[in-house]
Each structure stands twice: as C-alpha cells, then as structure tokens.
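Here is the structure we will look at, set down as structure tokens.
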Amino acid sequence: MAQKPSIPKGTRDFPPEVMLRREFILDTIRSVYKKYGYQPIETPAMENLSVLTGKYGDEGDRLIFKILNSGDFLKKAQHLDDAQKLAPEIAEKALRYDLTVPFARFVVMNQNEINFPFKRYQIQAVWRGDRPQKGRYREFFQCDADVVGSDSLIFEAEFISIYDEALSKLGLKDFSIRISNRKILNGYAEAVGQSEKFQDICTAIDKLDKVGESGVKKELLERELPEAAADQLLQMITFAGSNDEKLAYLEKLFEKSESGKKGIAEMREVFAFHKQMESFRGTIDFDLTLARGLTYYTGTIYEVVTNEVQMGSICGGGRYDNLTGVFGKPGLSGVGISFGVDRIYDVLMELNLFDERVMDGIQVMLINFGGESLMTSLKVLSSLRQAGISSEIYPDEAKLKKQFTYANRKNAAFTLAIGDDELSTGKYQLKDMISGEQQALSLEEILARLKE
RNA sequence: GUGGUUAUAGCUCAGUUGGUUAGAGCACCAGAUUGUGGUUCUGGGGGUCGUGGGUUCAAAUCCCAUUAGCCACCCCA
C-alpha cells in the first residue's frame with residue numbers, strides 16, 4: 001500500500017456534517033454583525049512578514065508561520081548561521097496570525113476611501129505555529145467585528161447586545177458576559193503603588209480562574225511585587241457584590257487614581273447605554289478579576305463564558321487606542337470582539353443544540369431507471385430546480401437498493417420515482433423518506449407539496 | 001521550548017508469562033429481497049502490527065533508536 005496521506009499537525013478536514021454545523025454558527029454570527037451595521041472585508045492569507053513581526057510580542061513572533069521565498073532564496077541570505085536573522089532574509093511573507101493586525105494595515109492603506117467610523121466584520125482562518133492540544137489548532141477561524149475611528153462607548157454597549165443575540169440564536173441559554181476595563185486594572189496598580197508593574201499584574205490576575213488566589217499571589221511575588229501590595233490587590237479583586245456595589249467599592253479605592261476613576265466612569269456609561277437596549281438574555285458580570293493577556297487593550301475588555309459546560313472563554317474583545325499607530329496613522333481608537341468558533345462548536349455539540357434542520361441534506365433525489373424514463377426524469381429535475389427545490393438524480397441506472405441507500409445517506413427528504421408505469425400515467429411516485437409513505441402525484445402536485 | 005503518553009484493517013480498539021494462519025465492532029462489497037432505503041441474517045474483500053536495528057529456535061509482545069499523533073505546561077482562541 002502506498003504511504004498513507006496525512007495533514008499537517010494541528011490542522012483539520014471538515015466533512016459535510018461538520019461543515020453544515022460550522023456554517024450554521026458562522027451564518028448566525030454573520031447575520032447579527034450585519035444587522036448591527038458591520039460590513040465584511042477579507043484580507044490575504046499571507047501578509048508581508050514585516051507587517052506582522054513585532055506586533056505580538058517575542059512569543060508571538062516565534063509562532064508566526066513564515067513562507068519561504070521562491071527561487072534561489074539562499075543567494076540573498078547573509079546570516080546562514082543565525083536563524084533569527086536568516087528568517088526575514090529567506091521569508092518575506094507569512095501567514096496571518098490574527099485578523100486585527102491585518103485590519104489595522106487595511107485601515108491605514110485605505111484611509112482615504114474609508115468612511116469613519118469604520119465598522120467591519122471579518123471571518124477568516126488564521127495560523128499559529130503553536131503546539132496543538134485540545135481546543136487549540138495551528139489553523140483556526142476567527143470571527144471578528146471591530147469599529148475603528150470612534151471613542152463612543154455606544155459601541156461597547158452594542159457589543160454586549162451582539163454577544164447576547166448571537167449566542168442566544170445559537171441556542172445557548174446560560175452564559176455570562178464578563179466585562180471590565182483596563183483602566184480599572186491600572187487603578188489597582190496605582191492604588192497599591194505599583195503602576196510600573198501593570199503588565200505583570202494583568203498577567204497574574206488573568207490566571208485567577210485557573211490557579212486560585214494562592215496561585216495568583218505566588219505569581220505576583222515571583223514577578224517581584226511586595227507582599228503587602230499583593231495582599232491588597234487580592235483583597236480588591238475578590239470583592240463580592242452586585243455590579244453597582246463593585247463600582248461604589250472601587251470608587252473609594254481609586255480616589256487618588258485618575259486612571260481608575262476614568263475606568264469607573266466608562267463602566268457606568270456603558271451600563272447606562274446598555275440599559276436602553278432591550279431583550280437581554282445573558283447576564284452582565286462586572287468581573288474585577290478580568291484582565292485578558294493581550295497587551296494592546298486599553299479600555300473596556302470582554303470575555304464570555306458559558307455556564308452550561310466546562311470550557312474556557314468562548315468570546316473575547318476589548319478597546320484599544322492607537323492600533324494603527326505602528327503603521328503610521330496615530331490617533332485612531334478602536335473596539336472589537338471575536339467569537340471562538342471552534343469552542344462554540346464543541347459547546348453546542350456537547351449540549352446537543354444543533355437543530356436537525358442544520359443537517360438537512362437534499363430535498364429530492366430522483367431515481368434513475370434509464371431510457372425514456374431518464375429523459376423525463378431530467379426534465380422533471382429541471383422543473384424542481386427552477387422551482388427552487390434542491391434536487392439531484394442518481395447518475396447511474398443502478399439497483400434500486402443502491403439508489404435508495406444513497407438517498408438515505410444523503411439525508412434526502414424525498415425520493416421521486418419515474419419508471420415505465422409512471423410514464424404512462426403521468427403520476428410519479430413521491431416517497432417521504434422519513435415516514436416511508438409513498439404516493440402517486442402529478443408534477444404540479446409534487447411542486448405544490450414540496451414548496452410547503 | 002519543557003514534560004507525559006500512544007502507535008495493530010478505512011475508523012475505534014482487543015491481542016494473556018514471547019509460541020501455529022493477528023482478531024472484534026463499525027464501515028465497504030455481495031446475497032437473502034429482479035420497482036423501494038433505514039432494521040435483521042448470511043457470506044466476502046481488506047493488515048509485511050508507525051519506521052529502522054537488536055535479543056531469541058520463535059517478536060505485535062522484550063531492548064535500543066527514530067518518526068508521527070495525542071495530552072499537559074508556557075502562551076493563547
């Protein structure tokens with residue numbers, strides 16, 4: 001036997017039954033994005049390497065998939081003994097690592113044509129040279145919506161509704177939208193007199209879910225925070241109460257922190273805007289421990305978790321100032337969110353929430369009897385299709401058992417048999433493949449029945 | 001980058017202290033059923049046991065190496 005083919009580590013094939021479910025998820029999210037006024041864009045799978053490097057930190061740069069130059073790429077190489085320096089010499093292009101940086105690049109390149117504030121959504125694959133493991137792949141889809149060029153917190157409030165509506169439409173019933181603000185985290189740092197340790201504090205707090213209070217304290221100490229500051233910090237972030245109580249609590253703590261006060265004001269405004277938006281199903285959880293690892297967030301931050309299954313966050317997002325600054329256009333603020341398609345898929349599977357209709361195959365399959373029957377069948381097939389009914393004909397005059405088995409596997413709702421008998425009567429045998437019932441109907445009757 | 005674990009049919013996996021011709025379920029093909037699928041029954045095809053080397057009269061089984069997958073950590077979605 002020839003060597004078995006395989007696909008690269010961390011990549012996946014999606015067979016039809018998986019794709020139908022994935023498309024259901026993507027279509028649902030897409031329709032909500034559109035409804036809120038977001039417009040689609042796509043960017044190339046590959047970017048110039050220089051566009052990507054330096055945007056994701058040292059760790060991120062290592063995980064960028066580089067594309068080898070064509071031709072005699074070694075001729076131009078200078079640093080054959082240093083992989084770090086050699087890479088940009090032999091690879092000028094790389095696969096996109098996320099959708100946000102290419103979006104920033106897009107905005108800068110098209111700034112004269114764009115109508116700001118620019119609201120765009122983008123659903124495309126991204127690639128990371130990570131070690132794959134459960135729920136983590138080297139190729140996966142991101143599903144982003146961002147608005148750039150406005151500081152208005154209306155968008156923040158709207159994103160809560162977008163999360164809520166999309167997840168509800170997908171069938172989730174119990175989920176929490178966690179929200180906080182990077183300025184509040186800044187407030188913590190200032191309140192404990194450690195503002196220069198801001199990033200370390202964020203990274204440590206972000207792990208509270210996983211490692212617990214003692215783990216966070218350990219991490220803070222490892223990152224050289226004084227013990228008193230660490231304790232004080234833990235006390236702040238573990239305060240329990242309603243969203244309003246939390247805001248009031250922090251307000252006192254942040255009396256001397258401009259950043260902290262700003263964060264609270266922003267939170268209040270987002271809540272006030274959102275209060276005007278109706279039919280909210282999830283819960284908004286002002287989460288004092290929410291931090292998010294990504295360094296570019298500067299304002300509101302989001303994370304969504306489902307309470308129905310054990311799973312990490314299924315959505316994330318936040319506001320970032322000056323995203324386009326690195327590409328030479330400072331002063332543009334943006335805010336965006338993302339749905340974790342793969343995780344949502346797993347959650348819906350586990351909860352058995354994929355509607356059966358998602359799996360529907362073709363509506364009608366015509367049986368092939370060959371000869372004159374086949375000619376009439378083709379004509380009927382064409383009529384069905386013109387009437388908007390998804391249909392196909394079995395390509396060969398095979399045994400009926402084989403043809404029906406095929407129809408069954410394909411999830412055909414009906415089969416239509418036009419044999420010699422039916423030719424003479426003009427009434428064709430339409431069989432309901434679920435109930436097994438079969439009746440002789442004219443073409444008009446069939447069309448009427450199937451259009452229901 | 002660090003650690004753990006696995007590798008046997010298309011898929012999921014059995015395979016005893018090394019011992020005849022390496023098995024099962026699912027899937028596939030055919031028949032029972034010449035114009036009717038899903039259920040059932042019967043039969044069939046399909047594997048140099050990841051790869052390379054070693055120990056042995058004898059290796060899927062023991063040893064070494066190697067490759068790949070999976071899982072966890074780091075980081076992240």
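Each chain gets a letter, A, B and so on, in the order the sequences are listed, and its residues count up from 1. Note that these values count all heavy atoms, side chains included, but never hydrogens, waters or copies made by symmetry.
Sorted by first and then second residue, the salt bridge (Lys or Arg N to Asp or Glu O under 4.0 Å) pairs involving residues 41-55 of chain A (not counting sequence neighbours) are A:Glu47-A:Arg105. Residue pairs meeting the salt bridge (Lys or Arg N to Asp or Glu O under 4.0 Å) criterion with at least one member in residues 366-386 of chain A: none, sequence neighbours excluded. Sorted by first and then second residue, the salt bridge (Lys or Arg N to Asp or Glu O under 4.0 Å) pairs with a member in residues 299-323 of chain A read A:Glu156-A:Arg319, A:Arg178-A:Glu303, A:Arg292-A:Glu303; sequence neighbours excluded.
As judged by a 4.0 angstrom heavy-atom cut-off over every strand, A:Lys431 is placed among the base-contacting residues. As judged by a 4.0 angstrom heavy-atom cut-off over every strand, A:Ala412 is placed among residues making no nucleic acid contact.
Base pairing in RNA chain B yields stems of at least 3 consecutive Watson-Crick or G-U pairs, both distances under 3.5 Å, namely B:1-7 with B:67-73, B:10-13 with B:23-26, B:28-32 with B:40-44, B:50-54 with B:62-66.
Sorted by residue number, the list of members of residues 42-52 of chain A with any non-hydrogen atom under 4.0 Å from RNA chain B is empty. Applying a 4.0 Å cut-off to non-hydrogen atoms, the residues of residues 135-144 of chain A that approach RNA chain B are A:Gly135, A:Arg136, A:Tyr137, A:Phe140, listed by residue number.
Taking each heavy atom of A:Ala204 and A:Leu220 in turn, the nearest pair found is CB-CD2, 3.6 Å.
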Any N/O pairs under 3.5 Å between the protein and nucleotides 39-45 of chain B? List them or say none.
none

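Partners of A:Arg136 under the salt bridge (Lys or Arg N to Asp or Glu O under 4.0 Å) rule, at least two apart in sequence or in another chain, are A:Asp130. Partners of A:Tyr137 under the ring pair (Phe, Tyr, Trp, His ring centres under 6.0 Å) rule, at least two apart in sequence or in another chain, do not exist in this structure. Residues passing the side-chain contact (heavy atoms from CB on, under 4.5 Å) test with A:Gln429 are A:Ala417, A:Glu422, A:Gln438, A:Ala440, sequence neighbours excluded. Legend: residues meeting salt bridge (Lys or Arg N to Asp or Glu O under 4.0 Å) with A:Lys34, ordered by chain and number and at least two apart, are absent. For A:Glu392, the salt bridge (Lys or Arg N to Asp or Glu O under 4.0 Å) test picks out A:Lys410, with sequence neighbours left out.
For A:Gln438 against B:rU36, a side-chain N or O and a base N or O form a donor-acceptor pair under 3.5 Å. You won't find any donor-acceptor pair under 3.5 Å spanning the side chain of A:Lys402 and the base of B:rG37, going by distance alone. For a distance-only test at 3.5 Å, the side chain of A:Glu59 fails to qualify as a donor-acceptor partner of the base of B:rG1.
B:rA60 and B:rG18 have their P atoms separated by 13 Å, given to the nearest Å. The P atoms of B:rG35 and B:rU40 are separated by 25 Å, rounded to the nearest whole Å.
Using cut-offs of 30° and 60° on the angle between ring planes, the pair A:Tyr345 and A:Phe354 is tilted.
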